[in-house]
Amino acid sequence: MSDTRFDPSTADGRWQLAWEQAGTFAADSNSDRPKSYVLEMFPYPSGRIHMGHVRNYTMGDVLARYKKMRGFEVLHPMGWDAFGMPAENAAMEKGVHPGGWTRDNIATMKSQLKRIGFALDWTREFATCDPEYYGHEQALFIDLYEAGLVYRKQAEVNWDPVDMTVLANEQVIDGKGWRSGAEVEKRKLNQWFLKITQFAEELLSGLYALKDWPEKVRLMQENWIGKSSGLEFSFELTNGDSLPVYTTRPDTIFGASFVAVAADHPLAQSVAAQNCDAAKFIDLCKKGGTTAAELETAEKLGFDTGIGVKHPFTGANLPVYIANFVLMDYGTGAIMAVPGHDQRDFDFATKYGLPIPRVVARSVEEANVPFACEAEAGDGVLVNSDFLDGMEVEDAKREVIARAEQGGWGQGQTVWRLRDWGVSRQRYWGTPIPFIHCDACGVVPVPKDQLPVTLPEDVDFKTPGNPLLRHPTWKHVDCPSCGGKAERETDTLDTFVDSSWYFLRFASQPDDQPFDRDEVAKWLPVEQYIGGIEHAILHLLYARFWTRALCHIGKLDFAEPFAALFTQGMVTHETYSRRENGRDVFYSPSEVDRTSHGATLMADGGTIDIGRVIKMSKSKKNVVDPDAIIDRFGADAVRWFMLSDSPPERDLPWSEAGIEGCGRFVQRLWRLFDQYDAGAEGEDKPLARKLHQTIAAMAGDIESLGFNKSVARIYELTGAAEKAAPSATRSEAIAALMRLTAPMMPHLAEEAWHRAGFPGLVSEADWPAHDPALLVEDEVTIAVQVKGKLRDTLTAPKGAAKEMLEEMALASAKVQRSLDGAEIRKVIVVPDRLVNIVI
RNA sequence: GCCUCUGUGGCGGAAUUGGUAGACGCGCUCGACUCAAAAUCGAGUUUCUUACGAAGUGCCGGUUCGAGUCCGGCCAGAGGUACCA
C-alpha cells in the first residue's frame, strides 16, 4: 500500500527491458507447443509511426500475447516494406539519398514501436530494401520466368511530356502532372507482366475456402476477378474483313445500334492511317490519365469511321465508331453497343443521335414503353427481338449463343475482368528486374550465382526520370549467354511484389535460398493476418497469387497464405482550420485549444472552425503523434484507447477526452491491483459469478478480435471488484484481472503482478480458467409485451415453464390495464426471455 | 462511373443474431471530500410530456405477434478502382 500512482515513465521501460532480456517473445521453432502465427501488415517507413499503425499493431499484439498465455508458441514478427515512391520524392525534395532516408525512418519508427511495448520477435526483422531480401526475390522472379509465368508486352503509362518521366496515378491530378502541370499523355512502353490470369479460376474458387476472411473482402475480390460468360462473335465489315466483339449480353443483340472499338484497336489504327481526322481523335483519346475511374467518368466521345458492319440476324448496317470508353484490355477491344440496356452506350447514343431500341421490358405489353433518361440494365423479358420475344434474359442469352455456335459465326466464351499484373516501374528505389537485354540473345536472366543485382549507390535525383537509365555504367554488362555487349533491364519491380512473400521470409531466413521449406511448413499459413481494408484487393490478391505460383512451381506445399484475415478501420480526428488570405489553413490539434464549446488557436486566441472527423493525414494536419501521447500517459493508456469503444473493423475517432479517460482508468486499475490481499478470506458469490462470466466471455471476444467488447467487460468486472468487500473471491478477481488485462496493458499488469508477489512474468503466465458451474444465473428478467409493446417486466426462476410465465404475465396489474378487457387471441412465450400477449 | 462497406442519445458504441433499444466508456449536471482546485467517490443523463403516456436505431415502404436486426427502393459518408502503400 505505498505508491498510489502507476508511473509509466519508469515502469514501461523496465518491463520492456525485462521481456527483451528474457527473450520472452522470440519464437522458438523447436518448441513442442502448438504454433500460432500472428501477423500485421508491415509498415512502409514513411517517417514516423502514426496512430493507424499503433491501432493495427495493438490488435495483433493483444492476440499474440493472449495466444501465448493460452499455451501457443507464437510467431509475431515485424519488418519494413521499404521500397517505394515516397523515398524518391524525398530525394528530389530534400536532396537526400532514398536509402539513407529510408534507413533513418526505420530507426526512428523501430524505437517508436519499442516504446509501445509490442510483443514482437525482433530477431526476425528485415527490410525489403536489404539486398539479402530482394536478391532472393530476384531469384524467385527468374523461377517464375522459367515456369512461363513472366512475359513482356506493350502497356500504357502516364507520360509527363515536360518532365520526360512516367507518373504514378496519384501523381496525375485532373489529367496534369503534379510537378510540371503539363497535360499527361498515355504512352506505350514494353513492360514486364506476371500471368496472374492463368490462376483466375483458382483464385476465385479458393475464396470459398477462406471461411475466416471477411465476406466483404471475398466479394470484392470475386468482383475484381470478374468471371463472366458471354458471346464472342465477328461482325462482317462492309469491306469484307471481320471484326470480333465480345458481349456479356448476347440476349440484347437485336438492340445493337452501333459498334465501337478502342482507340488503340487495330481497326482504329488502320482508319487513322488514311484519315487525319481519325488520327486527331485517337490523339485526343491519349490525353488524360489511365485510371478506370477517369476513363469511366470522362465524357463519352466517339469518331464515326464511316465503316459499317452487318448485323448477324437482321442484316442491318450498323456504324462503327472509335470510342474513348472502350477498353482494349477487356474482351476483344470492340463491342456491340446496346444503348437501351447499357448506361455507357446510352450516354454515347444520346450524344451522337443514334437509335435507342428497347429489347428488354418488364412484360411483353411494355414492348414500346419509352426509356426514361437512363438505360435499363436489369432483368425482364425480351421484346422486339424476333425469335427471342417473350423469353427471360438468361434463356435468351443461351439461345443466342446456341444459334451463333450452330451457325458457326460465334461461340460462348468465359471472359475475366482480371488483367495480368504489370510489375515494371521506371524508378530507382525498387528491386532491379534481374534480366539482361542482348542484341544477339534477346532477353536473358541474370545467372543466379550473380544475384543479387544490387542498386548503384551513386545516383542523383536532380533531374526527373529513372536514375538507373541514365547511370553512366550500371546498365552496361556483358551478356551472360554470348559474352557480347549487353544492357541491364532498368525497370524495377512493383513494391507489391516485395509484400507478396515477406510473410514466408519471417518464418526462416537462410542465406542461400528465399526460405527454408520445412520452417515455412511449420509456421505457415498465417493464423491471423491483420491490416487495413484498403488492401482488400491488390495486396491480398497479389500475395494469394504469388503463393499459388510458388506452389505451382513446387516451392511451397500450400496455396493460401492467410488462414484468417481481419481488416481494421482507420484512426480519425476532427480537423481544425480557418480562412486566411482567402484559403483554408489547417492547424494541428497540438496548436489548438479545444473545449466542449469550440476551439481557438493557442498562438493568437483566434476562433478556429471545427471540421468533419476524417482519417488522420498530414495534409489536413489532424494527426496526433504517438510519442507525445506516450510521454503524457504511458504506453498502456494509448493501447487501451486503441482497443476501447469502437469496434475494431470500424473507424476510431481520436479524442483528447478519450485518452484522458484511458489514462485515468490505468490509475483506477492500479489502485484496485494495489488492494490485492493474498490472505483475505470469505466467499462472494455474485462477484465470483461476474468473474467467471467475464473470463468465459473474454476468450471469445479476443479470439474474434472483438476488443471493444472485452474492454467493456473489464470495466464491468473492475467496477464490481471495487464495490465488493474484501474476500478471497475479491483477491481471486483482482489477480485474474491482472492476467486478463496483461495482453492489453502489459506494463501495468507486469508491475502489479510483480508487486503482488507472483513469480515470473505475467506475460508468461497462464490465462485464467473459468468454472462453468459458476456461470449460471438462477433468476432471469422476463419482458411482458401486449401486442409487441413492452408493458412490464417480471423476475422468474431460470427455466420456468411457459404456463407459469403466462400466468405471471396475466397477473400483472400493468398488463391488465393495457388489456383493458380485450379478448386475448394468442400468447407467445419465449422461455427465459419474454411473454407477448396478442389481442 | 463501377465494386464493397457504414449509418443507433451531446459523442464512441452495446443489443445473446428476429425477442426489454441505449450495456460499457467519454462528456455534461448535481452532490460528497477540500480553505480552494486537481484527483477520487456517489447520484443522474434518448427525445417530447407537469403527469398518465407517446415517439424513437439515415429516409420511404414491406414481411412478422414482435424489426436496430429480414426484404424492396432511396439518401449520405467511407474504402478500392490495377503505377500511393
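All values below come from the heavy atoms of this structure, side chains included, with hydrogens, waters and symmetry mates left out. Note on naming: letters A, B, ... go to the chains in the order of the sequence lines (proteins, then strands), and numbering restarts at 1 for each one.
- Residue contacts for A:W224: at a heavy-atom cut-off of 4.0 Å it reaches a base atom on one of the strands shown.
- Pair assignment for B:A54 gives B:U47, based on Watson-Crick or G-U wobble hydrogen-bonding distances that are each under 3.5 Å.
- In this model, the phosphate group of B:U4 is not approached by any side-chain N or O of A:R218 to a distance below 4.0 Å at OP1 or OP2.
- As judged by a 4.0 angstrom heavy-atom cut-off over every strand, A:V784 is placed among residues making no nucleic acid contact.
- Between A:K709 and B:A23 there is no side-chain polar atom (N or O) within less than 4.0 angstrom of OP1 or OP2.
- Across all strands, A:H539 comes closer than 4.0 Å to no nucleic acid atom at all (heavy-atom distances).
- With both ends at atom P, the span from B:U69 to B:U8 equals 13 Å, rounded to whole Å.
- Regarding contacts with the backbone of B:U6, every side-chain N or O of A:R650 stays at 4.0 angstrom or more from both OP1 and OP2.
- Distance from the side chain of A:R671 is smallest to B:U40 among B:A54, B:C84, B:U40.
- Using a 4.0 Å heavy-atom cutoff across all strands shown, A:R344 reaches no nucleic acid atom at all.
- Between B:G19 and A:N836, no contact under 4.0 Å exists linking OP1 or OP2 to a side-chain N or O.
- The neighbour count for A:D832 CG, taken as heavy atoms of other residues, nucleotides or ligands under 6.0 Å away, is above 12.
- Pairing partner, B:G7: B:C75, with both Watson-Crick or wobble hydrogen-bond distances short of 3.5 Å.
- Atom-to-atom, CE of A:M570 to P of B:C5 comes out at 16 Å; the value is rounded to the nearest Å.
- The base of B:U16 is paired with the side chain of A:R833 by a donor and an acceptor separated by under 3.5 Å.
- Remark: the separation of the P atoms in B:A21 and B:U57 is 12 Å, to the nearest Å.
- Within the 4.0 angstrom heavy-atom criterion, base atoms lie near A:Q785.
- Side-chain contact of A:T572 with A:D651: a donor-acceptor pair under 3.5 Å is absent, judged by distance alone.
- The separation of B:G42 from B:U47, taken at their C1' atoms, amounts to 27 Å, rounded to a whole angstrom.
- Across all strands shown, A:L418 has heavy atoms under 4.0 Å from base atoms, whether or not it also approaches the sugar-phosphate.
- B:G56 and B:G66 have their P atoms separated by 15 Å, given to the nearest Å.
- Straight-line distance between the C1' atoms of B:A15 and B:U46: roughly 16 Å, to the nearest whole Å.
- Remark: the A:D347 side chain and the A:Q343 side chain contain an N/O donor-acceptor pair separated by less than 3.5 Å.
- Pair assignment for B:C65: B:G19, on the basis of Watson-Crick or G-U wobble contacts that are both within less than 3.5 Å.
- A donor atom on one side chain and an acceptor atom on the other are not found under 3.5 Å apart for A:N708 and A:R650.
- The side chain of A:N223 lies closest to B:U4 when the candidates are B:G12, B:U4, B:A14.
- When heavy atoms are screened at a 4.0 angstrom cut-off, A:P647 is found touching the sugar-phosphate backbone but no base atom.
- Between B:A14 and B:U4, the two P atoms lie 24 Å apart (nearest whole Å).
- Out of B:C5, B:A85, B:G12, the shortest distance to the side chain of A:K216 is found at B:C5.
- Computed from coordinates, the A:R419 CZ to B:C83 C1' distance equals 12 Å when rounded to whole Å.
- Distance noted for atom P between B:G68 and B:C33: 45 Å (whole Å).
- Under the 4.5 Å side-chain criterion, counting only non-hydrogen atoms from C-beta, A:V711 is not in contact with A:D701.
- Across the protein-nucleic acid pair, A:I225 atom CD1 and B:U81 atom P stand 16 Å apart, rounded to whole Å.
- Proximity of the aromatic rings of A:W640 and A:F665 is defined here by a centroid distance below 6.0 angstrom, and this criterion is met.
- Looking at the side chain of A:Y542, the nearest of the listed nucleotides B:U20, B:U4, B:A82 is B:A82.
- Judged purely by distance below 3.5 Å, without hydrogens or angles, the side chains of A:T290 and A:N158 pair a donor atom with an acceptor atom.
- Both distances falling under 3.5 Å, in either a Watson-Crick or a G-U wobble arrangement, place B:C2 opposite B:G80.
- Following rounding to the nearest Å, A:Q568 (CD) and B:G79 (P) show an atom-to-atom distance of 14 Å.
- As a whole-Å value, the separation of A:R713 CZ from B:G25 P is 14 Å.
- Side-chain proximity of A:R817 to the nucleotides B:U20, B:A82, B:G53 is greatest for B:G53.
- Taking atom C1' in both B:U34 and B:C41, the straight-line distance is 13 Å, to the nearest Å.
- Residue A:Q426 is classed as a base contact, given a heavy-atom separation below 4.0 Å to a base.
- With B:U20, B:A85, B:C65 as the choices, the nucleotide that has an atom nearest any side-chain atom of A:A783 turns out to be B:U20.
- Remark: the A:Q191 side chain and the B:C83 base include a donor-acceptor N/O pair separated by less than 3.5 Å.
- When heavy atoms are screened at a 4.0 angstrom cut-off, A:S646 is found touching the sugar-phosphate backbone but no base atom.
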